[in-house]
Amino acid sequence: MSFATLGLSEAIVRAVAEQGYTTPTPIQAQAIPAVLGGGDLLAGAQTGTGKTAGFTLPLLQRLSTDKVGSTLRNKTAPRAIRALILAPTRELAAQVEESVRLYGQYTNLNSAVIFGGVGIHPQIKLLANGVDILVATPGRLLDHVGQGTIKLDKIEILVLDEADRMLDIGFLPDLQRILNYLPKSRTTLLFSATFSPEIKRLAESYLQNPVFIEVARPNATAATVEQHFY
Ligand code: AMP
């Protein structure tokens with residue numbers, strides 16, 4: 001199986017090939033067709049499985065080839081945030097945005113990352129310039145909502161990355177507030193390494209008939225450790 005046979009455009013396949021990826025990982029092989037098909041996704045995947053490309057590649061494909069994306073190519077429409085990726089920490093947010101940038105370098109889409117702990121004014125300017133794909137931590141995103149410096153009404157795709165860690169940090173109320181600002185008609189992709197009752201409740205509340213994918217069993221034991229039970 002190759003990235004091209006999964007339905008990704010030449011521009012995206014080229015960026016991926018330049019990274020030296022030849023074969024999609026299991027999460028990519030399952031997530032890419034599911035997201036291109038337009039449905040919601042509930043994915044159990046840990047870091048190291050290739051999950052970032054698993055949601056980034058089909059997201060780039062959809063946004064660059066849909067009606068708005070094609071218009072953007074003619075530079076006639078101002079950019080509005082159409083994909084929002086929420087991550088628990090600034091490090092992860094920055095890392096994910098780097099991947100979006102890398103995999104999307106031959107598309108006509110742009111991206112930005114916003115997180116707390118740094119000045120808000122450069123971010124306000126960045127958002128005012130127009131962004132297609134925004135990666136954010138929940139707290140700082142709500143700061144912008146509060147100040148009226150961000151518009152979330154054109155979002156087509158929402159990704160909750162490492163959702164379990166976001167709940168561990170205590171972001172559930174923030175997530176719920178953000179979800180209430182988003183258009184009801186959208187694609188939602190939830191990635192989590194574990195499926196606690198809280199994650200299941202979150203998925204039940206905000207995902208519609210999601211495709212369920214799991215690439216590594218939660219709490220699987222390390223294959224390198226020999227175990228005896230007495
Ligand atoms: P992630 O699980 O998204 O943090 O990705 C883990 C690592 O796998 C990253 O360093 C990626 O660059 C790499 N990676 C992602 N997809 C592939 C692939 N299809 N083939 C080889 N490496 C990959």
Side-chain angles (χ1 to χ4, degrees), residues 1-37 40-64 83-107 109 111-113 115 132-138 157-169 171 187-196 199 203 210-224:
M1 193 191 291
S2 71
F3 285 98
T5 56
L6 287 178
L8 298 172
S9 66
E10 193 273 329
I12 296 171
V13 172
R14 176 151 49 118
V16 164
E18 282 178 10
Q19 291 309 301
Y21 309 169
T22 50
T23 318
T25 65
I27 186 84
Q28 291 162 5
Q30 295 176 75
I32 292 169
V35 179
L36 291 181
D40 284 359
L41 180 68
L42 181 58
Q46 278 141 333
T47 302
T49 55
K51 69 181 169 69
T52 314
F55 62 76
T56 304
L57 300 179
L59 182 155
L60 288 165
Q61 172 75 22
R62 276 182 53 182
L63 295 190
S64 59
L84 173 66
I85 302 168
L86 293 176
T89 63
R90 68 180 84 173
E91 291 79 12
L92 183 65
Q95 206 180 312
V96 168
E97 201 253 346
E98 220 169 89
S99 298
V100 172
R101 215 172 264 257
L102 199 64
Y103 302 144
Q105 62 183 304
Y106 301 117
T107 70
L109 303 166
S111 60
V113 60
F115 45 69
D132 296 305
I133 301 163
L134 182 71
V135 187
T137 51
I157 305 175
L158 169 71
V159 182
L160 302 173
D161 193 15
E162 304 202 354
D164 47 353
R165 277 179 73 201
M166 288 203 272
L167 297 198
D168 288 347
I169 294 171
F171 276 140
T187 296
T188 307
L189 317 175
L190 190 157
F191 285 76
S192 185
T194 57
F195 286 102
S196 62
I199 288 287
V211 170
F212 180 69
I213 299 173
E214 199 172 28
V215 292
R217 263 205 263 128
N219 308 325
T221 55
T224 47

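Both counts, for ligands and for their atoms, begin at 1 and track the order of listing.
Remark: F212 engages F195 in a ring pair (Phe, Tyr, Trp, His ring centres under 6.0 Å) (not counting sequence neighbours). Every residue two or more places apart in sequence or in another chain that forms a salt bridge (Lys or Arg N to Asp or Glu O under 4.0 Å) with R101 is listed here: E97. Considering only residues two or more places apart in sequence or on other chains, F3 meets the ring pair (Phe, Tyr, Trp, His ring centres under 6.0 Å) condition with none of them.
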Ligand 1 N/O to protein N/O, distances under 3.5 Å:
residue  : atom   : partner : partner atom : Å
ligand 1 : 2 (O)  : G48     : N            : 2.7
ligand 1 : 2 (O)  : T49     : N            : 3.0
ligand 1 : 2 (O)  : G50     : N            : 2.8
ligand 1 : 2 (O)  : K51     : N            : 3.4
ligand 1 : 3 (O)  : K51     : N            : 3.3
ligand 1 : 3 (O)  : T52     : N            : 2.9
ligand 1 : 3 (O)  : T52     : OG1          : 2.6
ligand 1 : 12 (O) : Y21     : OH           : 2.4
ligand 1 : 16 (N) : Q28     : NE2          : 2.7
ligand 1 : 19 (N) : T23     : O            : 2.8
ligand 1 : 19 (N) : Q28     : OE1          : 3.0

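For T89 and E162, the side-chain atoms include no donor-acceptor pair closer than 3.5 Å.
Here the side chain of T137 pairs no donor or acceptor atom with the backbone of R90 at under 3.5 angstrom.
With respect to the salt-bridge test (charged N to carboxylate O, under 4.0 angstrom), the residues R14 and E10 qualify.
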